[in-house]
Amino acid sequence: QVQLVESGGGLVQAGGSLRLSCVASAQTFSNYAMGWFRQAPGKEHEFVAAISRDGSTKLYADSMKGRFTISRDNAKNTASLQMNNLKPEDTAVYYCAAAGIAYVSLAPRQRQGYDYWGQGTQVTVSS
């Protein structure tokens, strides 16, 4: 069992930045690809970004490319999401997720590819 705890959400004005962090309880954090998803009120879960076990592969949803950056620190059991130039439509609850996969350079885009989920952190962007 892996527990994930997100932090870093909050209220920010449009154009501002936030950095989300996700700390995992896994003994071997590097065994897991990590992803970020979000869910806005009344909408489906949406893929945001993912990073492979070794950090060599980083994937982003089209609307986040150039604004969001995913990273990980395997020594600190932490995955992060730097969000710049935030827009009101980025308002959502953001969830981190961990995928136990064999290939070190793969990162799933689909929710079904992830085994463990955090409780989420609220991000609100005001116009």
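For clarity, every value in this text was computed on a predicted model and none was experimentally measured.
With hydrogens and angles ignored, the 3.5 Å screen pairs a side-chain donor or acceptor of Arg72 with a backbone N or O of Phe29. Side chain of Arg53 to backbone of Ser30: a donor-acceptor contact under 3.5 angstrom is found. Remark: the backbone N or O of Leu81 is not paired with any side-chain donor or acceptor of Tyr94 at under 3.5 angstrom. Arg38 contributes no side-chain N or O that, together with a main-chain N or O of Glu46, makes up a donor-acceptor pair within less than 3.5 Å. Judged by distance alone, the side chain of Asp115 and the main-chain N or O of Gly100 form a donor-acceptor pair under 3.5 Å. Within the 3.5 Å criterion, the main-chain N or O of Thr124 finds no donor-acceptor partner in the side chain of Thr91. Here the side chain of Glu6 pairs a donor or acceptor atom with the backbone of Gly120 at under 3.5 angstrom.
Between Ala24 and Val2, the shortest heavy-atom contact is CB-CG1, 4.3 Å. Residues Pro88 and Ser127 approach most closely at CG-CB, 3.8 Å, considering heavy atoms. A pairwise comparison of heavy atoms in Thr78 and Ser80 identifies CG2-OG, 3.9 Å as the closest pair. Of all heavy-atom pairs between Pro108 and Ala99, the closest is CG-CB, 3.9 Å. Between Ser56 and Asp54, the shortest heavy-atom distance links the atoms OG-OD1, 2.7 Å. Here the shortest heavy-atom pairing between Ala40 and Ala92 reads N-CB, 3.8 Å.
Ile51 and Leu106 fall into different hydrophobic clusters, defined by Ile, Leu, Val, Met, Phe, Trp and Tyr side-chain heavy atoms under 4.5 Å apart, directly or through other members.
Summarising the geometry, atom CD belonging to Gln39 is positioned 11.0 Å from atom CD belonging to Gln122; distances are rounded to the nearest 0.5 Å.
No side-chain heavy atom of Gln13 sits under 4.5 Å from any side-chain heavy atom of Leu86. A 4.5 Å side-chain heavy-atom check between Ile70 and Trp36 finds at least one atom pair inside the cut-off. Between Gln82 and Ser71 the shortest side-chain heavy-atom distance does not fall below 4.5 Å. Within the 4.5 Å cutoff, the side chain of Asn77 has no heavy atoms near those of the Tyr32 side chain. Within the 4.5 Å cutoff, the side chain of Thr121 has no heavy atoms near those of the Ser7 side chain. Counting only heavy atoms from C-beta outward, the side chains of Leu20 and Met83 approach each other to under 4.5 Å.
The pair Asp90-Lys87 does not count as a salt bridge, with every side-chain nitrogen at least 4.0 angstrom from each carboxylate oxygen.
Within 6.0 Å of atom CD in Gln3, 12 or fewer heavy atoms from other residues, nucleotides or ligands are found, so the atom counts as exposed in its surroundings.
Its side chain within the 4.5 Å cluster rule, Phe47 clusters with Phe37, Leu59, Val93, Tyr95, Tyr114, Trp117 among the Ile, Leu, Val, Met, Phe, Trp and Tyr residues.
In the model, Asn84 has a side-chain atom that pairs as donor or acceptor with a side-chain atom of Ser17 under 3.5 Å.
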